[in-house]
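To keep things clear, I will list the structure first and then write my remarks on it.
For this chain, numbers begin at 1 and follow the sequence in order.
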Amino acid sequence: MGDQVSKPTDNDFQGSGLSLLSTVDWKNERHRRSIMASLVKGVYVLEDDRRKKRQGNLALAPPWWKFFDFQLQEELIDDAGPSIFADSSTFGAVYEFKPKSNNYYPKGAPKYVIAFRGTMLKKDTIIRDTMLNINILINKLSHRSHFDKAMQPVENIVSGEGVSVRDIWLAGHSLGASIAMLLGRNMAKKGNFIQSYFFNPPFFATPMKRRIYVASSWFKAALTVIIKDNEERRHSEDLFYGLCKWEPKLFLHKSDIISAGFILHFEVPESMENYAVGDVGRLASESSFMRLFMYAFGMEDYSEELHLLPS
């Protein structure tokens, strides 16, 4: 999913163009986005260093975070004991911001960033990453060891003295964006809204034209009213509205069929609202056809869709 090509030239920070960002303004959204992308790239290169046994001065990963005054606090490694598919790959990293001047902490900067890479179709990682992608498709990512391992540092940091949720940022690309999104959603349900940067997160829905998507949204809203009883609809509304205050930043490309569905997902309900049918737009956004189908057949254990975000 959004495969990252690992070539030595791609992994060389000096050739990335980011080295031109020598003066960082943490209030500048473009600067923040670029740094988050660099930290995500750092996770890719960490894994590539591991695979190719690049260590010490030969390692290419450190410049991707050190250039922006971050330190690598922890690597998140797929080492789940009971799983025969655990590949010991690095799928995430916890970075701590350590500005050069102890007397000056730039306003708007995070204290910690937790970043996740996307799919790497390499010999060592292809099986595990493919299985995780399948789990995103069937809404079972929260059942995987990756999620537990990713959630632990978030909880550890939040529970630490002198650290608030505002000090933590999340970032991820593709598969990694789904992992980070799941973390952010779980924290948002508890009233903790983490600043998040998601690059090309997967949106599993059939690609369709705008007019067809609008028509399907009306149909889906009608099914929601018909199939779900009032209690279940209120439960869905509570979950949906509980996420409204969380506003993750999604960076999408219209030609990327894996993530482009998010564009219609946000545009269509907004256009419905402009025509004074906002409730219909909301009902259409709360559930997918798959969820409605599963609910109609009494399969209430079906997990809520990761990609359904209100804002």
On a heavy-atom basis, which atom in A171 and which in V40 lie closest, and how many Å separate them?
CB-CG2, 3.7 Å
Would you check if L250 and S196 make a side-chain contact, meaning some heavy-atom pair closer than 4.5 Å?
no
Mind checking whether Y197 and F251 have parallel, tilted or perpendicular rings, split at 30° and 60°?
parallel
Hey, does the side chain of D148 reach the backbone of S145 with a donor-acceptor pair shorter than 3.5 angstrom?
no
If you apply the rule side chain to side chain contact (heavy atoms under 4.5 Å, CB included), what do you find for N186 with L183, and how did you get there?
CA-CA 5 Å; N186 277 27; L183 294 180; 6.0 Å; no
May I ask you to decide if R30's main-chain N or O and S34's side chain share a donor-acceptor pair within less than 3.5 Å?
yes
For L18 versus F67, what's the shortest heavy-atom pair and its separation?
O-CE2, 3.7 Å
Using the benzene-type ring in the case of Trp, are the ring centres of F97 and W169 under 6.0 Å apart?
no
Nearest heavy-atom approach of A115 to V43 is O-CG2, 3.7 Å
Take the angle between the ring planes of W246 and F198 and call it parallel below 30°, perpendicular above 60°, tilted in between.
perpendicular
Which of these, K98, K100, K111, sits in a salt bridge (Lys or Arg N to Asp or Glu O under 4.0 Å) with D69?
K100
Could you tell me whether K149 and D79 make a salt bridge, using a distance below 4.0 angstrom between a side-chain N and a carboxylate O?
yes
Report yes if some heavy atom in the side chain of I114 is under 4.5 Å from a heavy atom in the side chain of I157; otherwise report no.
yes
Treating D49 as the side-chain partner and A61 as the backbone partner, does any N or O pair qualify as donor plus acceptor under 3.5 Å?
yes
Considering only heavy atoms from C-beta outward, does the side chain of F91 approach that of L132 to under 4.5 Å?
no
Whether the side chain of Y95 engages the backbone of L39 through a donor-acceptor N/O pair (distance < 3.5 Å, no angle test) should be reported.
yes
Any donor-acceptor N/O pair, H31 side chain to V24 backbone, under 3.5 Å
no
Could you list the residues that satisfy salt bridge (Lys or Arg N to Asp or Glu O under 4.0 Å) with R50, not counting sequence neighbours?
E47, D124
What's the separation between atom CE in M120 and atom CG in L175, rounded to the nearest 0.5 Å?
11.5 Å
Using 0.5 Å steps for rounding, measure from the CZ atom of F116 to the CG atom of L170.
6.5 Å
Quick one, W26 with R32, criterion side chain to side chain contact (heavy atoms under 4.5 Å, CB included). Give me CA distance, side-chain angles, the key distance, then yes/no.
CA-CA 6 Å; W26 280 100; R32 292 152 76 131; 3.9 Å; yes
I168 and I194 have their tightest heavy-atom pair at O-CG2, 3.1 Å
Within the 4.5 Å heavy-atom criterion, are L46 and W65 side-chain neighbours or not?
yes
To the nearest 0.5 Å, tell me how far R144 CZ sits from K140 NZ.
9.0 Å
Can a side-chain donor-acceptor contact be found between T125 and R51 if the only test is distance below 3.5 angstrom?
no
Should D129 and R117 count as an ion pair when the cut-off is N to O under 4.0 Å?
yes
Going by heavy atoms in the side chains, are Y44 and H173 under 4.5 Å from each other?
yes
Check whether any side-chain heavy atom of K41 sits under 4.5 Å from a side-chain heavy atom of N11, and report yes or no.
yes
Nearest-0.5 Å distance that lies between atom CZ in R128 and atom OG1 in T130:
11.5 Å
Looking at E74 and L76, what are the two nearest heavy atoms and their distance?
OE2-CD2, 3.7 Å
So, taking the atom named NZ in K53 and the one named CG in L58, what distance separates them when rounded to the nearest 0.5 Å?
13.5 Å
With heavy-atom distances below 4.5 Å as the criterion, would you say the side chains of M36 and F199 are in contact?
yes
Assess whether a salt bridge exists between D48 and R54, defined as any Lys/Arg side-chain N lying under 4.0 Å from an Asp/Glu carboxylate O.
yes
Would you name the heavy atoms of M187 and V158 that are closest together and state the gap between them?
CE-CG2, 4.0 Å
Distance from N28 atom CG to L21 atom CG, nearest 0.5 Å?
8.5 Å
